[in-house]
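Owing to the predicted nature of the structure, the values given are computational and were not obtained by experimental measurement.
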Amino acid sequence: MRDKKKLIGNILLLLMTVLLLPSTGILDDLNIFAMIGDKIYETKLENVEKLNLSSHGKLGNTIGNINAGGFAVESEEYFYYLKDSLRLCRSDKDFSNEMTIIENASGHGMWHLNIVNNYLVYLKDNLIRYKLDDKKKSIVPIQKYMIDLHIKDEWIYFNRISNSDRGIYRMTLNGENIQMLSDVDSLDITIYEDKIYYSYKSNGMNYLDTMNLDGTDKTTLFHIMTRDMIIEDEGIYYLSDDFMLSRLNRDGTVEILSNEKISHYCKTDQLFYFTKYGDGETNENIGLYKMNLKGQNILQLSDGRLEEGISILGDWILYRSSEDNMYPTLKRVSIFTNEIIKMD
């Protein structure tokens with residue numbers, strides 16, 4: 001009750017300030033509404049349970065799964081995956097002993113799943129930290145919409161989508177110490193070897209830049225636009241500005257790996273799995289395909305319409321698709337046999 005009164009008191013004080021400030025002229029140079037939002041957020045954070053969480057140098061999920069929206073993640077013992085956006089399941093690593101661990105009746109869906117210590121961290125309206133052993137939830141309020149979540153050590157790195165302060169940010173897993181690392185409107189960010197790679201457009205020019213995890217040492221690598229970067233020793237795989245699957249080699253040369261537009265893809269050690277962009281309208285995301293890393297030997301595995309991204313768990317590719325305008329269902333396909341198994 002005391003916390004609620006304090007929050008109401010802060011809001012009333014700020015509203016009174018808004019009413020008095022016009023006569024001072026300060027509003028000409030100050031975004032008072034942003035100040036109100038920041039103050040309310042700071043008050044909410046006072047009630048957040050402070051957890052000592054760190055991924056200890058690892059990412060909270062694989063880059064491919066992060067690019068797909070984080071609908072699946074793997075711990076040392078289990079697979080975790082969304083059957084739909086409101087139902088989260090856990091299974092052994094052969095998909096046996098499946099059980100629903102979180103189910104929501106309504107509301108916005110869950111996504112951006114990450115494993116940090118013995119916590120499952122994900123987005124659903126706010127940032128949720130779910131302790132796996134006792135099923136206790138701890139909520140961190142989200143001030144503004146965020147996408148492209150990457151968790152490394154005790155930090156969350158993300159793109160903020162806001163009309164007033166778009167950019168690349170980081171904050172702790174307790175929601176504290178929010179820092180803007182870059183003010184560019186980035187379409188794609190990836191963390192690789194303690195560097196943030198990010199792509200954006202400025203003054204009609206495409207950029208692929210890097211910076212340190214604290215935002216220092218910003219460097220332009222190449223003038224290309226990327227989506228869904230996957231960075232490996234041999235180069236950077238990405239979807240180009242015109243949705244062609246490409247590889248940027250270390251010497252700066254670019255190889256086009258697809259002869260058709262691709263909307264989503266994932267990569268194993270030997271293969272790409274993808275769905276076609278189509279014309280971006282009626283036939284977008286139709287079919288699941290695979291091909292080798294040279295863009296050859298394309299094989300169609302499914303002809304349904306894919307929803308969301310394509311995830312990898314162990315030796316399986318997970319995807320949701322609908323056939324004949326039916327409700328989309330979760331399926332998995334073996335990378336060895338191409339066997340497709342319905343999971344609903």
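Pairs engaging residues 127-139 under the salt bridge (Lys or Arg N to Asp or Glu O under 4.0 Å) rule: Glu49-Lys136 [sequence neighbours left out]. Identified under the ring pair (Phe, Tyr, Trp, His ring centres under 6.0 Å) test for residues 231-258, with sequence neighbours left out: Tyr237-Phe272, Phe243-Tyr277. Applying the salt bridge (Lys or Arg N to Asp or Glu O under 4.0 Å) test to residues at least two apart or on different chains, the pairs with a partner in residues 211-222 are Lys195-Asp217. Residue pairs meeting the ring pair (Phe, Tyr, Trp, His ring centres under 6.0 Å) criterion with at least one member in residues 57-84, sequence neighbours excluded, are Phe79-Phe95, Tyr81-Phe95. For the salt bridge (Lys or Arg N to Asp or Glu O under 4.0 Å) condition, the pairs that include at least one residue of residues 59-80, sequence neighbours left out, are Glu74-Lys93.
By the side chain to side chain contact (heavy atoms under 4.5 Å, CB included) test, Gln270 is found to be paired with no residue, residues two or more places apart in sequence or in another chain being considered. Under the side chain to side chain contact (heavy atoms under 4.5 Å, CB included) criterion, Asp148 pairs with His150, Asn159, Ile189, not counting sequence neighbours. For Asp185, the salt bridge (Lys or Arg N to Asp or Glu O under 4.0 Å) partners two or more places apart in sequence, or in a different chain, are Arg166. Applying the salt bridge (Lys or Arg N to Asp or Glu O under 4.0 Å) test to Arg332 and every residue at least two apart in sequence or in another chain returns nothing. Shown here are the side chain to side chain contact (heavy atoms under 4.5 Å, CB included) partners of Asn117, two or more places apart in sequence or in another chain: Leu53, His56. Residues passing the salt bridge (Lys or Arg N to Asp or Glu O under 4.0 Å) test with Asp194, sequence neighbours excluded: Lys152. Not counting sequence neighbours, the partners of Leu123 by the side chain to side chain contact (heavy atoms under 4.5 Å, CB included) test are Trp111, His112, Leu127, Ile142, Met146, Leu149.
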